[in-house]
Amino acid sequence: MGSMTSRERFFALIAGQSADRPAVINPVSVATTEAINELKLDFAKVHTNADNMAALAAYEYDEIGFDCIAPYFSIVAETAAMGAKIDWGNNSSYPKQHGTVFSEPEQIVIPQQYFDQPTTKSLIEAIKKLKAKYSGKALIIGKVMGPWTLCLHTYGVENTLIATIEEREKLAAMTKALLEFGKAFAAAQFEAGADVVTVADHTTRNLVGPDVYRDFILPLHQEFNKMFPGKLILHCCGNTEDRVHYFSSANFPLYHFESANDIMKIINAANNMPLTGCVNNPTTLYAGSPDDVYKETEKILKAGINILSPECAIPLSVKNENLKAIVSCAKNYKFS
């Protein structure tokens, strides 16, 4: 088989078709301090500057060799646009949100100027710029926070977890209202030129049981996928072996999973839902050598994962040479 474009490679693999080699993506963030400094950027300002955002996103495709370009580097674009207080960090730290935004479901309405706020507007404009330059070549990945994650961010982690037991009707109303933010933001990113959009929704095992996903989030994810069939990537951190079958029934075309999971258990529970993962961040990508990364990547490929990715947003201090080792392994790997 002849060589394929990155975009062709990705869509062939999630469709279960043959490809020239495995794909390498990161559905969340692959920004590094090394790249930020090389481009002479101020990371704290990247999140609100479309030109800088596009330049940093393109680095992973142009210089590191990933198949994707993903310009949303934080988890606060939506909440910043809602008026939350944000510490924007620096070249070695991600932004952090302080405080909550909503306390009642009736407060959760998309503001009229929502897409004119610096974070939302910059991301949409960055995607437009990337689409104009890389159309048909790189896979352009947008990102939104899902309704559960937005509830954690806007209502508070403790409040949300208590509500799963004591205020179930209120929680259902809040997550349903917050889904509208994700749907609207995803639609804007697709219109700007995104090929796929990641839905980051952290209903992970260390927070809640699988019944919380089933009862509160599964119907919302099914609605989301019905609106954008075949175009959404689910990202959920942590061990999800006991709920990945629900992710599959939500009709996600791809699930991005972490190294905390047993790969074969995830594959067996996924009911043929395509998967991407799961090169370990702290031990392998951050503290390991390129040889360590290569060896772990090879094991992941041999286990049956043909769309490779770091397990989550990478630590900013990860060395570019370690990321390149994932790409090197993918390029050398021969499908049996």
Side-chain angles (χ1 to χ4, degrees), residues 1-30 32 35 57-70 130-131 133-141 194-198 230-235 252-259 261 263-264 266-267 270 272-281 284-285 288-314 318-336:
M1 175 179 290
S3 63
M4 309 172 78
T5 68
S6 291
R7 188 179 184 279
E8 289 171 342
R9 182 176 300 118
F10 172 83
F11 279 113
L13 289 170
I14 65 166
Q17 301 169 358
S18 59
D20 55 344
R21 64 167 176 84
V24 181
I25 66 171
N26 193 335
V28 278
S29 174
V30 74
T32 65
Y59 189 98
E60 67 179 302
Y61 176 79
D62 290 333
E63 304 298 331
I64 297 175
F66 275 44
D67 288 301
C68 71
I69 299 178
L130 293 165
K131 182 69 172 181
K133 185 174 181 180
Y134 295 95
S135 180
K137 301 174 185 176
L139 177 77
I140 300 175
I141 303 180
D195 294 306
V196 291
V197 167
T198 297
K231 292 295 185 72
L232 301 178
I233 301 171
L234 175 64
H235 167 76
F252 283 102
L254 186 67
Y255 169 49
H256 180 216
F257 72 102
E258 220 183 83
S259 65
N261 299 276
I263 294 178
M264 296 316 300
I266 283 285
I267 290 174
N272 297 315
M273 175 178 60
L275 302 166
T276 181
C278 56
V279 182
N280 176 273
N281 273 343
T284 307
L285 285 172
S289 68
D291 187 54
D292 294 327
V293 176
Y294 194 103
K295 288 177 180 177
E296 183 173 318
T297 302
E298 196 168 42
K299 288 180 181 178
I300 294 167
L301 286 167
K302 288 179 178 178
I305 303 300
N306 56 23
I307 302 176
L308 299 160
S309 58
E311 63 183 348
C312 192
I314 61 168
V318 166
K319 296 178 181 177
N320 288 346
E321 64 178 0
N322 280 4
L323 296 172
K324 290 177 181 178
I326 305 175
V327 178
S328 177
C329 186
K331 287 182 175 179
N332 291 334
Y333 190 78
K334 304 297 181 184
F335 286 122
S336 57

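This structure is a prediction, so every number in the text was calculated from the model and none was measured.
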query = Any luck finding a side-chain donor-acceptor pair between S309 and H256 under 3.5 Å?
reply = yes
task = Say whether D195 and Y134, considering side chains only, have a donor N or O and an acceptor N or O under 3.5 Å apart.
result = no
Find out whether [X] and [Y] are in side-chain contact, i.e. whether some heavy atom of one side chain is under 4.5 Å from a heavy atom of the other.
X: L301; Y: C329; result: yes
X: R9; Y: D20; result: yes
X: H235; Y: C312; result: yes
X: F257; Y: I263; result: yes
X: Y61; Y: L139; result: no
X: D291; Y: K295; result: yes
X: S18; Y: F335; result: no
X: I305; Y: C278; result: no

note = The single option from N26, V293, V24, I64 that satisfies side chain to side chain contact (heavy atoms under 4.5 Å, CB included) with L323 is I64
query = V196 and side chain to side chain contact (heavy atoms under 4.5 Å, CB included): which partner among L254, I141, L232?
reply = I141
Heavy-atom donor-acceptor pair, [X] side chain to [Y] backbone, under 3.5 Å:
X: E60; Y: F66; value: no
X: T276; Y: I307; value: yes
X: N281; Y: A313; value: yes
X: D67; Y: I25; value: no

What's the spacing between [X] [atom1] and [Y] [atom2] if we round to 0.5 Å?
X: T297; Y: Y333; atom1: OG1; atom2: OH; value: 12.0 Å
X: M4; Y: Q17; atom1: CE; atom2: CD; value: 8.0 Å
X: I300; Y: T284; atom1: CD1; atom2: OG1; value: 8.0 Å
X: F10; Y: N306; atom1: CZ; atom2: CG; value: 10.5 Å
X: S3; Y: R21; atom1: OG; atom2: CZ; value: 9.5 Å
X: F252; Y: I14; atom1: CZ; atom2: CD1; value: 13.0 Å

ask   = Should the heavy atoms of other residues, nucleotides or ligands under 6.0 Å from NZ of K131 be counted, would the total exceed 12?
value = yes
Identify the heavy atoms of [X] and [Y] that sit nearest to each other, and give their distance.
X: L308; Y: A330; answer: CD1-CB, 3.8 Å
X: A194; Y: V197; answer: CB-CG2, 4.3 Å
X: P290; Y: A325; answer: O-CB, 3.5 Å
X: I314; Y: P310; answer: CG2-CB, 3.5 Å

query = Looking at K137 and D62, does any basic side-chain N land under 4.0 Å from a carboxylate oxygen?
reply = no
Side chain to side chain contact (heavy atoms under 4.5 Å, CB included) between T32 and K319, worked out = CA-CA 7 Å; T32 65; K319 296 178 181 177; over 6 Å; no
